[in-house]
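In what follows, a single structure is set out as structure tokens and then discussed.
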Amino acid sequence: LPYSVNGAVGDIQEISIEIFEEGNNIWMGNTGDSWSDPLKWSRGHLPLSCETLVFPDAMENTIIQVPENETIYCMGLQIGENITLSIPETSLLLVAGN
């Protein structure tokens with residue numbers, strides 16, 4: 001229940017909160033697949049700042065394109081063999097963990 005600075009009662013606000021545990025979010029796509037497709041990630045959602053992004057080894061060269069104009073935060077990053085992570089100049093991938 002919000003109150004204004006002068007103590008007037010505002011309208012009741014409902015807020016949904018989702019709590020995610022840290023862990024690995026594994027890329028399951030191929031070259032040309034959209035980073036923004038939640039079905040290409042093992043946890044069924046786009047990467048979160050509490051997750052380590054894992055790009056497993058590939059049999060052939062695989063290019064994963066980070067979307068333009070995005071800032072992506074993560075706890076860790078694991079890039080497997082034959083994986084190229086392409087980050088446009090307009091985007092950032094910031095890794096907080098070791």
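This is a predicted model, so every value here is computed, not measured.
Between the CG atom in Leu85 and the OG1 atom in Thr62 there is a gap of 11.5 Å [rounded to 0.5 Å]. To the nearest 0.5 Å, atoms CG (Asn82) and OG1 (Thr31) are separated by 10.0 Å. If you take CD on Glu60 and CD1 on Ile83, they are separated by 10.0 Å, rounding to the nearest 0.5 Å.
Between Glu21 and Glu51, every side-chain heavy-atom pair lies at or beyond the 4.5 Å cut-off. For the pair Leu93/Cys74, a side-chain contact is recorded, criterion being any heavy-atom separation below 4.5 Å from C-beta on. Side-chain atoms of Pro88 and Gln65, non-hydrogen and from C-beta on, do get closer than 4.5 Å to each other. Contact annotation: the side chain of Trp35 approaches that of Pro47 to within less than 4.5 Å [non-hydrogen atoms, C-beta and beyond]. For the pair Asn25 and Thr52, the minimum side-chain heavy-atom distance is 4.5 Å or more. Put simply, the side chain of Pro67 reaches to within 4.5 Å of the side chain of Ser36, judged on heavy atoms. With a 4.5 Å cut-off on side-chain heavy atoms, Thr84 and Ile64 do not count as touching.
Ser49 and Met75 make their closest contact through O-CG, 3.1 Å (heavy atoms, listed as atom of the first residue, atom of the second, distance). Shortest non-hydrogen contact noted between Ser91 and Val66 is CB-CG1, 4.2 Å.
In the hydrophobic clustering of this structure, Val54 does not group with Ile87; members are Ile, Leu, Val, Met, Phe, Trp, Tyr whose side-chain heavy atoms approach within less than 4.5 Å, directly or through other members. Residues Leu48 and Ile17 are members of separate hydrophobic clusters, defined by side-chain heavy-atom contacts under 4.5 angstrom among Ile, Leu, Val, Met, Phe, Trp and Tyr. Val95 and Ile26 end up in different hydrophobic clusters when Ile, Leu, Val, Met, Phe, Trp and Tyr side chains are linked at under 4.5 Å.
Phe55 and Trp27 have tilted rings, their planes meeting at an angle from 30° to 60° on a 0 to 90° scale.
Checking side-chain atoms of Asp57 against main-chain N and O of Glu81 turns up a donor-acceptor pair under 3.5 Å. A donor-acceptor distance shorter than 3.5 angstrom exists from the side chain of Asp33 to the backbone of Asn30, with no hydrogens or angles considered.
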